[in-house]
Structures are given as C-alpha cells and as structure tokens.
Amino acid sequence: VWQSNDYPACQACGTDWPAEDLASDLDFELNLSYSSAYWQKNEHETSVHYIEKAKKSASAHKLNRVYQNISIHHLTLGDLNQSERFCLLALRIADKLYEQAVILNNYAVILLEQGKIDSALTICQENMKRTSGADMYHVRSNLYFILSRIYEAKGMYKEALDARRRE
C-alpha cells in the first residue's frame with residue numbers, strides 16, 4: 001500500500017510544508033476521519049485516497065497522525081514490517097506526551113503480533129512510567145489491555161487477569 005521511503009521522516013529534511021490555517025486544518029481532520037471510516041468499512045482503496053489527501057494537507061506537527069494511520073492500516077493487513085516502520089516514523093516526529101503514549105501503545109501491539117513479547121512488555125512498562133500521573137486514563141486503560149495480552153502470551157495468567165481488572 002505505502003512505502004516508508006515515500007514520506008519524509010521529519011521537518012528537518014527540508015521539505016516545504018503547507019501553511020497551517022483553519023481551512024487546511026479542517027481539510028486534514030476530515031480526510032483523516034474519512035480514511036479511518038472507509039478502512040473500517042473495508043473500502044481500502046477509498047481509504048488510501050483519503051489518507052493521501054490528509055498527508056498533502058498535514059502540517060509538520062500533524063504528520064505523525066498520518067503515519068500512525070498508515071501503520072494501523074498495515075497492521076490490519078498483516079504487513080507487520082511496514083506497520084512497524086510507519087509506527088517508528090510517527091514516534092520520531094511526535095512532540096507531545098499524549099501522541100507519544102498512543103504511538104507506543106500501537107508499537108507494543110505490533111511487537112506482540114511479531115512475537116516479540118519481551119520487547120512489547122518493555123515498551124508497555126516504559127509507557128506506564130511515562131504516563132504515570134498524567135491525565136490519560138483512556139491511554140492507560142488501553143495499555144492495561146495490551147499488558148493483559150502480553151501476560152497471557154507469557155503464560156502469566158494471574159498478572160493478565162490483574163491487568164484486565166485494572167483496565
């Protein structure tokens with residue numbers, strides 16, 4: 001679907017970015033939403049069309065959300081290597097704790113799907129520390145769900161159940 005080298009890794013690469021204004025911001029949000037909606041309806045070609053439109057109207061600080069969506073698209077297609085590539089691109093340019101926490105949760109899921117259970121656990125533990133004390137209850141709820149899957153995969157059923165309860 002997408003290749004990671006089709007997208008710049010960061011603002012420092014020298015690419016000209018579109019001006020941030022209300023119209024382009026609205027255009028970005030709508031196209032990103034349409035992309036997600038069409039993906040959920042399994043209309044992948046239409047979803048790709050809208051993600052490309054979102055990319056064109058994305059300011060530098062929102063490009064990580066495009067990469068996140070592409071990563072999730074590849075994850076659902078079972079292309080875990082591309083999913084990981086785009087997830088790491090998103091993480092590289094995310095500049096807010098909330099965005100980083102969401103991306104790290106997604107990265108843990110990708111690692112879990114790749115069978116890298118210990119690495120997924122390490123990412124979750126790191127993300128738990130990073131979000132401790134922050135007002136991100138839904139992010140932490142998702143984190144506990146991922147932890148429960150990791151503990152179950154490791155045969156640690158008591159810990160899995162505890163994580164599920166904390167979710």
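In this structure, R149 pairs ionically with E113, as a charged nitrogen and a carboxylate oxygen lie closer than 4.0 Å. For the pair D118 and K154, the salt-bridge criterion is met [side-chain N within less than 4.0 Å of a carboxylate O].
Residues L75 and F145 do not share a hydrophobic cluster, clusters being chains of Ile/Leu/Val/Met/Phe/Trp/Tyr side chains in contact below 4.5 Å. Residues I123 and I150 are members of separate hydrophobic clusters, defined by side-chain heavy-atom contacts under 4.5 angstrom among Ile, Leu, Val, Met, Phe, Trp and Tyr. In this structure, L91 is not a member of the same hydrophobic cluster as Y98, with clusters built from ILVMFWY side-chain heavy atoms closer than 4.5 Å. Side-chain heavy atoms closer than 4.5 Å link hydrophobic residues (I, L, V, M, F, W, Y) into clusters, and following such links, possibly through other members, connects L63 to I70. Hydrophobic clustering (side-chain heavy atoms under 4.5 Å, transitive across Ile, Leu, Val, Met, Phe, Trp, Tyr) groups L80 together with I117.
Considering OG1 of T131 and CE of M136, their distance stands at 6.5 Å, rounded to 0.5 Å. Within the model, atoms OG of S47 and NZ of K41 stand 11.0 Å from one another, a figure rounded to the nearest 0.5 Å. Expressed to the nearest 0.5 Å, how far CG of N142 lies from CG of L147 amounts to 10.0 Å. In this structure, L121 CG and I146 CD1 are separated by 11.5 Å, a value rounded to the nearest 0.5 Å. Atom NZ of K56 and atom NZ of K53 lie 9.0 Å apart (nearest 0.5 Å). Considering CD of E167 and OG of S148, their distance stands at 6.0 Å, rounded to 0.5 Å.
Closest approach of Y144 to M128, counting heavy atoms only: CE2-CE, 3.6 Å. Residues Y151 and A163 come closest through the heavy atom pair CD1-CB, 4.3 Å.
Ring planes of F86 and Y67: tilted class, angle from 30 to 60°.
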Listed pairs under 3.5 Å, donor-acceptor, residues 104-112 side chains, sequence neighbours left out:
unit_1	atom_1	unit_2	atom_2	d
N105	OD1	N127	ND2	2.8
N105	ND2	V139	O	3.2
Y107	OH	E84	OE2	3.3

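With side-chain heavy atoms closer than 4.5 Å counting as contact, directly or through intermediates, Y157 stands alone and belongs to no larger hydrophobic cluster.
A salt bridge (Lys or Arg N to Asp or Glu O under 4.0 Å) check over residues 124-144, counting only residues at least two apart or in different chains, returns nothing.
Put simply, the side chain of I93 does not reach to within 4.5 Å of the side chain of D95, judged on heavy atoms. Proximity of I51 to W39: side-chain heavy atoms (C-beta onward) are nowhere separated by under 4.5 Å.
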Begin from the C-alpha positions of H44 and H73 and carry the test side chain to side chain contact (heavy atoms under 4.5 Å, CB included) through to its verdict. CA-CA 9 Å; H44 298 161; H73 286 27; over 6 Å; no
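Looking only at atom types and distance, the side chain of R65 has no donor-acceptor partner in the side chain of Q68 under 3.5 Å away.
Under a 3.5 Å cut-off, the side chain of S83 and the backbone N or O of S71 do form a donor-acceptor pair.
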